[in-house]
Structure formats: structure tokens, C-alpha cells
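In this text, all values refer to a predicted model and were calculated from it rather than measured experimentally.
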Amino acid sequence: MGTTALYVELIIIGLETMMWVASFSICLTDIKYISIIEKIVGTLPASVFLLGIMYILGLIFDRVSDLIFQKTENQIRDNSGLKAKSSILIWTESNQEEYFKFTRSKIRVLRSSSINIPLFVISITMNIVKYYRAGYLFLPFVVVTGCILSYFSWAGYKQAITNYYNKARILEIALNERDRKE
């Protein structure tokens with residue numbers, strides 16, 4: 001898992017962010033701008049430009065979600081009993097770098113999604129109420145689906161970060177025991 005995977009995960013986070021930003025923009029301005037956006041996105045240079053924007057949004061929103069969830073992650077880390085200052089050292093020392101990279105990627109996407117999905121659902125709900133008068137069946141579907149996806153993003157994040165630190169602690173104990181024997 002190389003740097004390409006990091007770029008892809010940041011573009012995914014940026015895409016999620018761009019979706020709710022665009023949806024709020026449409027709700028707060030006018031739906032007629034969708035056709036203009038569609039024409040812009042349809043051209044190749046604009047698509048490359050949008051990819052860059054999604055990457056930058058992904059970088060920014062990954063940092064925002066990291067700040068928002070820092071306390072939660074610190075509590076989970078403390079509860080795991082991990083003694084090392086950096087868990088990266090544990091994963092590297094035990095030759096588990098691929099698992100580390102995959103898990104951290106999953107944590108970043110789930111952490112951001114647990115914020116992005118509710119924001120997207122709120123913005124879509126506002127658009128349905130504003131533009132889709134016959135949305136009495138569609139609105140509950142969007143809200144329920146959004147709540148389910150939001151919950152599973154949050155629960156998936158908590159489970160992934162808990163497993164990550166618990167496994168790091170197990171590796172730390174095994175490495176300490178190995179060092180004592182040597």
C-alpha cells in the first residue's frame with residue numbers, strides 16, 4: 001500500500017466533502033446552477049481541476065476530523081494500555097506496516113465519513129424540502145438511510161481505532177517479551 005492509496009483516500013474524503021458543500025450551495029442559492037456545474041464537470045480539464053480540489057478538500061477535512069476526534073482517539077489509546085509514544089514504532093518493529101497503513105487508511109475514511117455523511121444528509125434533506133414538494137416518501141428514506149450510514153461510519157471508526165490500539169498493545173507486549181529473552 002503506497003502513496004497512491006493515500007491520495008485515493010484523500011480524494012474520497014474530498015469527494016464526500018464536496019458533495020455536501022455543493023448540496024448546501026444549491027440549497028442556499030438556486031437549483032438552476034446544477035446545469036452550469038454539469039457543463040463544467042463534463043470537460044476533461046475541469047475534471048482534472050476538480051480532482052485537485054477534491055484532494056485539497058480531503059487534506060483539509062481529514063485534518064478537521066482528526067482534530068474533532070482527537071479526544072476520542074486518545075481515550076481509546078489510553079484504554080488499550082499502549083505504552084509506546086508512537087504506535088508506528090510498534091507496527092514497524094513487528095513487520096506489520098501493511099496492516100498499519102491499511103488500518104490507518106480505513107480509520108481516516110470512516111472518521112471523516114462519520115462527519116461528512118450527516119452533513120450530506122442534512123443538505124439533501126434541505127434540498128428535498130425546498131425543491132421536491134412530493135418528497136413525502138423520499139424524505140424519510142433519505143433521513144433513515146443517512147442515519148444508518150452515519151451510525152455505521154461512527155461505529156466502524158470506533159471499532160477500527162479500538163482494534164488498532166489493542167493490537168498495537170498486544171504487539172508491544174510480544175516485542176517486550178522477545179527483547180527480555182534476548
Q) So with a 6.0 Å cut-off around CZ of Phe152, is the heavy-atom count from everything else above 12? A) no
Q: Look at the side-chain heavy atoms of Ile, Leu, Val, Met, Phe, Trp and Tyr, link any pair under 4.5 Å apart, and say whether Ile128 and Val144 land in one connected group.
A: no
Q. Please walk me through it: do Gln159 and Asn163 pass side-chain hydrogen bond (donor to acceptor under 3.5 Å, both in side chains)?
A. CA-CA 6 Å; Gln159 187 64 46; Asn163 288 343; 3.0 Å; yes
Q. Given side chains that start at C-beta, do those of Asp78 and Tyr165 come closer than 4.5 Å, heavy atoms only?
A. no
Q: To the nearest 0.5 angstrom, please state how far the OG atom of Ser112 sits from the CG atom of Leu10.
A: 8.5 Å
Q: Hey, could you give me the CZ/CG distance between Phe61 and Asp66, rounded to the nearest 0.5 Å?
A: 12.0 Å
Q) Looking only at heavy atoms, what is the nearest atom pair of Ile161 and Arg104, with distance? A) CD1-NH1, 3.4 Å
Q | Point-to-point distance, once rounded to the nearest 0.5 Å, from CG of Leu28 to NZ of Lys130 | A | 7.0 Å
Q. How is the hydrophobic cluster of Ile170 composed, in terms of its other members, when Ile, Leu, Val, Met, Phe, Trp and Tyr link through side-chain heavy atoms under 4.5 Å apart, directly or indirectly?
A. none
Q: Classify the angle between the aromatic ring planes of Tyr164 and Phe100 as parallel (below 30°), tilted (30 to 60°) or perpendicular (above 60°).
A: tilted
**Q.** Gap between atom CG of Leu82 and atom NZ of Lys167 - 0.5 Å precision
**A.** 14.5 Å
Q: Please check if Ile90 and Ile173 belong to a single hydrophobic cluster, counting links between Ile, Leu, Val, Met, Phe, Trp and Tyr side chain heavy atoms closer than 4.5 Å.
A: no
(Q) I'd like to know if Glu177 and Arg180 make a salt bridge, using a cut-off of under 4.0 Å between side-chain N and carboxylate O. (A) no
(Q) How long is the straight-line distance from CD of Glu9 back to NZ of Lys101, given to the nearest 0.5 Å? (A) 12.0 Å
Q: Establish, from distance only, whether the side-chain atoms of Lys106 and Tyr157 form a donor-acceptor pair under 3.5 Å.
A: no
Q) Which is it for Ser153 and Ser113 under the side-chain hydrogen bond (donor to acceptor under 3.5 Å, both in side chains) test, yes or no, and what are the steps along the way? A) CA-CA 6 Å; Ser153 294; Ser113 294; 4.8 Å; no
Q. Same hydrophobic cluster for Met18 and Tyr7, using side-chain heavy-atom links shorter than 4.5 Å among ILVMFWY?
A. yes
Q. Can you list the steps and then say if Ile124 with Val121 is a side chain to side chain contact (heavy atoms under 4.5 Å, CB included)?
A. CA-CA 5 Å; Ile124 289 293; Val121 170; 5.8 Å; no
Q) Shortest non-hydrogen contact from Asn166 to Ser80? A) OD1-CB, 3.5 Å
Q | Carboxylate-amine/guanidinium contact Glu73 Arg108, below 4.0 Å | A | no
Q. Is it the case that more than 12 heavy atoms not belonging to Tyr151 sit under 6.0 Å from its OH atom?
A. no
Q: Check Arg77 against Ser86 and note the closest heavy-atom contact, atom names and distance.
A: NH2-N, 4.2 Å
Q: Working to the nearest 0.5 Å, report the span between OG of Ser65 and CZ of Arg111.
A: 4.5 Å
Q | Ile122/Trp20 under side chain to side chain contact (heavy atoms under 4.5 Å, CB included): CA gap, chis, key distance, verdict | A | CA-CA 8 Å; Ile122 291 167; Trp20 65 259; over 6 Å; no
Q: Just say parallel, tilted or perpendicular for the rings of Phe138 and Tyr132, cut-offs at 30° and 60°.
A: perpendicular
Q: From the options Ile148, Leu149, Val142, select the one residue that forms a side-chain contact (heavy atoms from CB on, under 4.5 Å) with Thr145.
A: Leu149
(Q) Quick check: closest heavy atoms across Ser94 and Leu171, and the distance to 0.1 Å? (A) OG-CD1, 3.4 Å
**Q.** Under 3.5 Å side-chain donor-acceptor pair for Gln75 and Asn79
**A.** no
Q) Would Ile60 end up clustered with Met19 when hydrophobic side chains under 4.5 Å apart are linked, directly or stepwise? A) yes
Q. Tyr55 pairs by side-chain contact (heavy atoms from CB on, under 4.5 Å) with which of Ile53, Leu59, Leu51?
A. Leu59
**Q.** Atom of Ile107, atom of Ala160 and distance for their closest heavy-atom approach
**A.** CG1-CB, 3.8 Å
Q. By salt bridge (Lys or Arg N to Asp or Glu O under 4.0 Å), which residues pair with Glu16, not counting sequence neighbours?
A. none
Q) So, Asn74 and Gln70: side-chain donor and acceptor under 3.5 Å apart, yes or no? A) yes
Q. Side chain to side chain contact (heavy atoms under 4.5 Å, CB included) between Asn116 and Ile13: does it pass, once the steps are laid out?
A. CA-CA 8 Å; Asn116 277 328; Ile13 293 168; 4.3 Å; yes
Q: Mark yes or no for whether Ser123, through its side chain, and Phe120, through its backbone, hold a donor-acceptor pair below 3.5 Å.
A: yes
